[in-house]
2 protein chains.
Amino acid sequence: MRVSDKHQKITQAAVKVFARKGFFNARISDIAKEAKVADGTIYLYFNNKYDILISLFEDEIGKIILKVKLLLENETDPLKMLEIYAIHHMSLLQDQKDLVEVLQMELRQSNKFIKEYRNTKFIEYIDIVSDIVHKGQQSGHFRQEVMPGVVKRAFFGALDEMSRLWSLSAKPKYTLEDTARQITDIFQHGIVVRNS
Amino acid sequence: MRVSDKHQKITQAAVKVFARKGFFNARISDIAKEAKVADGTIYLYFNNKYDILISLFEDEIGKIILKVKLLLENETDPLKMLEIYAIHHMSLLQDQKDLVEVLQMELRQSNKFIKEYRNTKFIEYIDIVSDIVHKGQQSGHFRQEVMPGVVKRAFFGALDEMSRLWSLSAKPKYTLEDTARQITDIFQHGIVVRNS
DNA sequence: ACAAAAAATGAATCATTATTCATAATAAAT
DNA sequence: ATTTATTATGAATAATGATTCATTTTTTGT
């Protein structure tokens, strides 16, 4: 078994366990059991429990970024680009519920426990939105007075909160795609230049 | 010293300690020290550590709801109402940074640890937004096709994410009020009926 | 086939801390 | 002043679980 396989096996096990129990209530032995390795083995691949979380975060966000950038590659209409981003973001939940829950958790916890951890991958992910907005302004599609830096946070926050609800609710009212479209619609109308 | 005083002393101490260290890293003895009571005393007022968090959440959200409902009382324009809500929400941060951080944390953690805790106070808080939207639709200000249930989550999520950034960043780019106005502006344009 | 290196194991360690409860201090009642 | 009830104390308990490391297993190179 290649080294990277075991690394990945542990990461995947950690996603499951963190999602099920939360970071602090997850035991290393739970992760070890889920990954079918010994407790000690985990320490050959990660420095400590927190390192598992960080590393997982970086890796998985990295993959998401790659995928969404690929999807956006051949689209030039900034309105459509926002929709692609939103739909992709929400559909992650359908495919990887556990992962989304862990990422949401991580996002809040990094506040407290590693102020020094700059979270660059996350920033890269949301900067995709501000880039879209910026380009939309240059091409005259979007209003000049909106701040891309605010839109990116607001858009992400809206999607994130909606997905939080979704993962909590037993039987959701709306489909994820409807939700993504609704939110996109609001933001599109919110920042587009009105052809009065 | 009245009973309620000690209860409140402990709550306030807990807010400080939770904000500083996070829920799981906060020790009961930290809270006791901060509140200037013995460790055991805390258990005369709360069932356990988690109960402190829940109880704090309910109490403090309760106060916030009262205040924002009061502010909204004499306003009828739904566009303005959204702005009042947003500005009040963001200005909380200025006045009670610690509290906001704890509430944000709690919101994420309740996912995992008390699925049964229905979080009714929080729902009451965000339902204020869906009420505004609903009324705005009835009065013909807002587009019929937007879903109040989506707007409330999106609007809250946007504000919440923005405030998360704010509390993390050493020297923020924007003032809180500007931010609140920007986000409100996007949502106002996003859902208002266009007078074409 | 053997030696050396690398990877994996999991029981033992060791620190940590939420909670309890016997005791003490304080307040209220008579 | 004395009893009773209430409130507070903080040391002791008891469980927990992250991390280490001596030992074993597997892989690699010759």
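Letters go in sequence order (proteins before strands), and every chain restarts at 1.
- Val151(B) and Tyr174(A) fall within the same hydrophobic cluster, defined by Ile, Leu, Val, Met, Phe, Trp and Tyr side-chain heavy atoms under 4.5 Å apart, directly or through other members.
- The CG-C1' distance, from Asn25(A) to dA18(C), rounds to 13 Å in whole Å.
- Of the possible polar contacts, one joining the Thr179(A) side chain to the Thr175(A) backbone as a donor-acceptor pair under 3.5 Å is found.
- Mapping Ile28(A) and Thr41(A) onto DNA chain D by nearest heavy atom places Ile28(A) at the nucleotide closer to the 5' end.
- Between Lys36(A) atom NZ and dG10(C) atom C1' the separation is 18 Å, expressed in whole Å.
- When the P atom of dT17(C) is taken as reference, atom CZ of Phe24(B) falls 13 Å away, rounded to whole Å.
- Within the structure, every side-chain polar atom (N or O) of Lys6(B) is placed at least 4.0 Å from both OP1 and OP2 of dT7(D).
- The aromatic rings of Tyr50(A) and Phe23(A) sit perpendicular, their planes meeting at an angle over 60°, well past the 30° parallel limit.
- The Ala38(B) side chain lies nearest to dG10(D) when the options are dT9(C), dG10(D), dT7(D).
- For the pair Lys49(B) (side chain) and Ala26(B) (backbone), a donor-acceptor distance under 3.5 Å is present.
- In this model, the phosphate group of dA18(C) is not approached by any side-chain N or O of Tyr50(B) to a distance below 4.0 Å at OP1 or OP2.
- Note: CD1 (Ile10(A)) to P (dA7(C)) measures 13 Å, nearest angstrom.
- Formation of a donor-acceptor pair under 3.5 Å by the Gln137(A) side chain with backbone atoms of Val146(A) is found in this model.
- Contact between the side-chain N/O atoms of Ser29(A) and the OP1/OP2 oxygens of dG17(D) is not found at any separation under 4.0 Å.
- When rounded to the nearest whole Å, the span between CG of Asp5(A) and P of dA6(C) equals 20 Å.
- Distance Ile42(A) CD1 to dT19(D) P: 10 Å, rounded to the nearest Å.
- The interatomic distance linking Asp39(A) (CG) with dC21(D) (P) rounds to 16 Å, in whole Å.
- Using a 4.0 Å cut-off, some side-chain N or O of Tyr45(B) falls inside it from OP1 or OP2 of dA8(D).
- The Tyr43(A) side chain lies nearest to dA18(D) when the options are dA18(C), dA18(D), dT9(C).
- Side-chain proximity of Lys49(B) to dA18(D), dA8(C), dT19(C): nearest is dT19(C).
- Side-chain atoms of Asn48(B) lie closest to dT19(C) of the nucleotides dT19(C), dA7(C), dT19(D).
- Rounded to whole Å, atom C1' of dT9(D) lies 17 Å from atom CD1 of Ile31(B).
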